[in-house]
Amino acid sequence: RRMFVYLPADYHESSERYPVLYLLHGARGNELSWITKGNLLRNIDSLMCNGLMRRSIVVLPNTNQYKDDRDFAKSRIKGAMESFFENNGMVEYSFVEDVVKKIDRTYRTIPKKSSRAIAGLSIGALQAIHISATHPDMFDYIGLFSPMVHPFTRHSEHSSFYRHLKRRQQTQFATPPKLYWVMIGRKDFFFPRMNSYCRYLERRNYSHEYLVSAGGHQWYNWSMYCNMFMQRLWK
């Protein structure tokens, strides 16, 4: 499984340790989607050069569910419906062990909750909701861009990952993350369910922020949301 890892420009010239943002793609995407469609590298460089974001490591993992080794080798981009209906919890179940801990072993990170963020778009935001709730001691900053709130999970040995969210969030918000930010366009087809999700957070007094913008389920919004989110990190 491939990952793209962005390192700050001075990484190899210093001994500094850095916070880490884990940024997840959506359906019809892979580990390069944020770069090729979301202008991520230009946005990160601009924010860091202008002092709007602390120098950070950014990790872009491939979080597609694959069955065939050829798909892993090629990082095959899957169709939307294929992604929705084959999302079975396998990648999410092993995310902390296979991605986060590997990054901590390989790079000079700051390996603690206050220096980790996870964010994603659409089905990647769904994964971020559940990964952060399942590991409440791992991520202090959670960004949800046009989230797909409810999974179409096929039964598998890992499908239990998507169960008991309410119980897991009780633990997560007992010591709430520093930032839990939901963003969505008013014309997004997930907007009604997102409203319901935010009402659920409000009823339980779970600390969060909710931003509704113009537009729909589109890269223009996701790039903007990510830019705004990155400026709020590590405060």
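The analysis underlying the following values was restricted to heavy atoms, covering all of them including side chains, and did not include hydrogens, waters or symmetry mates.
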Q | Side chain to side chain, Val96 and Met138, heavy atoms closer than 4.5 Å | A | yes
**Q.** Side-chain touch Met3/Ile103, heavy atoms, less than 4.5 angstrom
**A.** yes
Q) For Phe95 and Leu24, what are the C-alpha separation, side-chain angles and deciding distance, and is it a side-chain contact (heavy atoms from CB on, under 4.5 Å)? A) CA-CA 11 Å; Phe95 187 86; Leu24 312 184; 3.9 Å; yes
Q: Can you sort out the partners of Thr171 under side chain to side chain donor-acceptor pair (under 3.5 Å), two or more places apart, ordered by chain and number?
A: none
Q) Same cluster or not: are Ile129 and Val100 linked, directly or through other Ile, Leu, Val, Met, Phe, Trp or Tyr residues, by side-chain heavy atoms under 4.5 angstrom apart? A) yes
Q. Taking the six-membered ring for Trp, are Phe139 and Tyr22 parallel (under 30°), tilted (30 to 60°) or perpendicular (over 60°)?
A. perpendicular
Q: Give, for atom CD of Gln169 and atom NE2 of His130, the distance between the pair rounded to the nearest 0.5 Å.
A: 7.5 Å
Q) Could you give the distance from CE (Met194) to OH (Tyr200), rounded to the nearest 0.5 Å? A) 11.0 Å
(Q) Side-chain heavy atoms nearer than 4.5 Å, only ILVMFWY residues, links allowed to pass through others: does that put Leu165 and Leu201 together? (A) yes
Q: Nearest 0.5 Å please: distance from the CG atom of Asn30 over to the OG atom of Ser75.
A: 5.5 Å
Q. Is there a chain of hydrophobic side chains (I, L, V, M, F, W, Y, each step under 4.5 Å between heavy atoms) that links Phe190 to Leu211?
A. no
(Q) Please determine whether side-chain contact (heavy atoms from CB on, under 4.5 Å) holds for the pair Met230 and Leu40, giving the CA-CA distance in whole Å, both sets of side-chain angles, and the decisive distance to 0.1 Å. (A) CA-CA 11 Å; Met230 290 191 295; Leu40 181 70; 4.2 Å; yes
Q. Does the ring center of Tyr206 lie less than 6.0 Å from the ring center of Tyr180?
A. no
Q.
Could you work out, with ring-ring contact (aromatic ring centres under 6.0 Å, His included) as the rule, every residue matching Tyr225, not counting sequence neighbours?
A. none
Q: Taking all non-hydrogen atoms of both residues into account, name the closest pair between Gln172 and Ser132 and its distance.
A: NE2-OG, 3.2 Å
Q | Min side-chain heavy-atom separation Tyr18-Val20 under 4.5 Å | A | no
Q | Any donor-acceptor pair under 3.5 Å from Ser223 side chain to Gly38 backbone | A | yes
Q: Could you tell me whether Lys166 atom NZ has more than 12 heavy atoms of other residues or ligands within 6.0 Å of it?
A: no
Q: Could you label the plane-to-plane angle of the His217 and Trp222 rings as parallel, tilted or perpendicular, counting under 30° as parallel and over 60° as perpendicular?
A: perpendicular
Q.
Rounded at 0.5 Å granularity, tell me how far CD1 in Ile44 sits from CG in Asn39.
A. 11.0 Å
Q | side-chain contact (heavy atoms from CB on, under 4.5 Å) assessment of Leu21 paired with Ser56 | A | CA-CA 7 Å; Leu21 165 62; Ser56 308; 5.7 Å; no
Q: Can you see which heavy atom on Pro19 is nearest to which on Ile110, and at what distance?
A: N-CD1, 3.9 Å
Q: Applying side-chain contact (heavy atoms from CB on, under 4.5 Å), name anything that partners Lys178, two or more places apart in sequence or on another chain.
A: Ser114, Asp140, Tyr141
Q | From Arg2 atom CZ to Asn64 atom CG, the distance as rounded to the nearest 0.5 Å | A | 12.0 Å
Q | Residues which pass side-chain contact (heavy atoms from CB on, under 4.5 Å) with Gln218, listed by chain and number, not counting sequence neighbours | A | Tyr220, Asn221
Q | Interatomic distance, Leu126 atom CG to Ile131 atom CD1 [nearest 0.5 angstrom] | A | 9.0 Å
Q. With sequence neighbours left out, what residues match Tyr107 under ring-ring contact (aromatic ring centres under 6.0 Å, His included)?
A. none
Q) Who are the side-chain contact (heavy atoms from CB on, under 4.5 Å) partners of Asn50, not counting sequence neighbours? A) Ser46, Leu52
Q | Partners meeting salt bridge (Lys or Arg N to Asp or Glu O under 4.0 Å) with Lys102 (sequence neighbours left out) | A | none
Q) Is the backbone N or O of Pro136 less than 3.5 Å from a side-chain atom of Lys113, with the two atoms forming a donor-acceptor pair by type? A) yes
Q. Is there side-chain contact between Val59 and Ile57, with at least one heavy-atom pair below 4.5 Å?
A. yes
**Q.** Inter- and intrachain pairs under ring-ring contact (aromatic ring centres under 6.0 Å, His included), touching residues 32-52, at least two apart
**A.** Trp34-Trp219
**Q.** Under the side chain to side chain donor-acceptor pair (under 3.5 Å) test, residues paired with Arg204 that sit two or more places apart
**A.** none
Q. Minimum heavy-atom separation for Gly120 to Ala128, with atom names?
A. N-CB, 4.5 Å
Q) Hey, mind stepping through Arg54 and Leu233 against side-chain contact (heavy atoms from CB on, under 4.5 Å) and telling me if it holds? A) CA-CA 8 Å; Arg54 180 179 170 184; Leu233 297 179; over 6 Å; no
**Q.** Hydrophobic cluster membership, Val58 vs Phe229, 4.5 Å side-chain cutoff
**A.** yes
Q. Would you call Glu209 and Met183 a side-chain contact if the rule is heavy atoms closer than 4.5 Å?
A. no
Q: Check salt bridge (Lys or Arg N to Asp or Glu O under 4.0 Å) between Glu13 and all other residues, then give those that pass, not counting sequence neighbours.
A: none
Q: Determine, using the 4.5 Å side-chain heavy-atom cutoff (strictly less than), whether Phe189 and Tyr210 are members of one ILVMFWY cluster.
A: yes
Q: Kindly write out the residues that satisfy side-chain contact (heavy atoms from CB on, under 4.5 Å) with Leu41, not counting sequence neighbours, or none if the list is empty.
A: Phe4, Tyr6, Ile35
Q: Using atom types as modelled and distance alone, determine if a side-chain donor or acceptor of Arg186 lies under 3.5 Å from a backbone N or O of Ser213.
A: no
Q. Is any side-chain heavy atom of His12 less than 4.5 Å from a side-chain heavy atom of Leu7?
A. yes
(Q) Among residues at least two apart in sequence or on other chains, which ones pass salt bridge (Lys or Arg N to Asp or Glu O under 4.0 Å) with Asp104? (A) Arg116
Q. With no hydrogens and no angle check, is any side-chain donor or acceptor of Arg108 less than 3.5 Å from a backbone partner on Ser14?
A. yes
(Q) Show the nearest heavy-atom pair for residues Cys226 and Leu23, with the distance to one decimal. (A) SG-CD2, 3.8 Å
(Q) With heavy-atom distances below 4.5 Å as the criterion, would you say the side chains of Leu32 and Leu60 are in contact? (A) no
Q: Answer whether the closest heavy-atom distance between the side chains of Thr134 and Glu92 falls below 4.5 Å.
A: no
Q. Distance-only, no hydrogens or angles: does the His25 side chain make a donor-acceptor pair with backbone N or O of Thr63 under 3.5 Å?
A. yes
